[in-house]
Amino acid sequence: MSFNWINWINMAAIVCLILINVVVARKGLSDSFKSKHLIVNIFEQIGRYGCMTLMFLPIFTKGWKFGFRNVTEMLVWICLTILLLVIYSLLWVKKANGGVFVLYGLAFVPAILFLLNGILLRYPALVATSLVFGVFHFLIVKENI
């Protein structure tokens with residue numbers, strides 16, 4: 001198993017997502033959305049923690065490595081990761097008076113971040129868990145709006 005710089009950048013992205021959520025929780029801005037259906041909550045959590053783990057651990061890849069075909073894909077990956085983290089932060093700032101659009105944005109932006117990483121890193125396990133997370137996270141938000 002080797003850990004290359006991609007793992008560390010994705011680890012930093014996950015830490016940023018967690019820090020944003022910690023700050024939001026401390027300020028009392030986050031709503032604790034849950035589904036009334038236990039199975040929806042379970043699959044959402046499996047997708048969430050699966051994505052966070054697979055973002056920096058290439059568990060199901062050949063040689064425990066993942067990477068890009070070319071430099072352009074790497075630059076797209078870095079730019080989109082930063083952009084989506086900034087958008088996620090800004091959506092939390094706008095949440096207090098943002099309405100339904102902001103809530104759906106807060107549901108989809110992390111799922112899109114995970115999905116794009118899975119696609120650009122050619123990591124089918126991350127793509128699959130991001131789709132599980134995105135679908136069930138959306139269902140929970142929809143149920144609570």
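Since this is a predicted model, take the numbers as computed values, not measurements. Side chains are part of it too, since the values below use all heavy atoms of this structure and drop only hydrogens, waters and symmetry mates.
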**Asked** Of the non-hydrogen atoms in Ile20 and Leu85, which two are nearest, and what is the gap between them?
**Response**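 For Ile20 and Leu85, the tightest heavy-atom pair comes out as CD1-O, 4.1 Å.
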
**Fill in**
Scanning both residues in full, the closest heavy-atom pair of Asn10 with Met55 reads ND2-O, 2.8 Å

Donor-acceptor pair, [X] side chain versus [Y] backbone, under 3.5 Å?
{"X": "Asn7", "Y": "Phe56", "answer": "yes"}
{"X": "Asn144", "Y": "Phe33", "answer": "no"}
{"X": "Ser130", "Y": "Val127", "answer": "yes"}

Tell me which donor-acceptor pairs under 3.5 Å the side chains of residues 90-115 have, and how far apart each pair is, sequence neighbours excluded?
residue : atom : partner : partner atom : Å
Trp92   : NE1  : Tyr88   : OH           : 3.3
Lys95   : NZ   : Leu29   : O            : 3.1
Lys95   : NZ   : Asp31   : OD2          : 2.8

**Item:** Charged N-O contact under 4.0 Å between Glu73 and Arg122
**Value:** yes

Side-chain touch [X]/[Y], heavy atoms, less than 4.5 angstrom:
{"X": "Val40", "Y": "Ile140", "value": "yes"}
{"X": "Glu143", "Y": "Lys34", "value": "no"}
{"X": "Phe136", "Y": "Leu139", "value": "yes"}
{"X": "Leu84", "Y": "Leu116", "value": "yes"}
{"X": "Ile78", "Y": "Met74", "value": "yes"}

**Asked** Quick one: are the ring centres of Phe68 and Trp77 less than 6.0 Å apart?
**Response** yes

**Prompt:** Once you round to the nearest 0.5 Å, how far does CG of Asn41 lie from CZ of Arg48?
**Reply:**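 Atom-to-atom, Asn41:CG and Arg48:CZ are 10.0 Å apart.
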
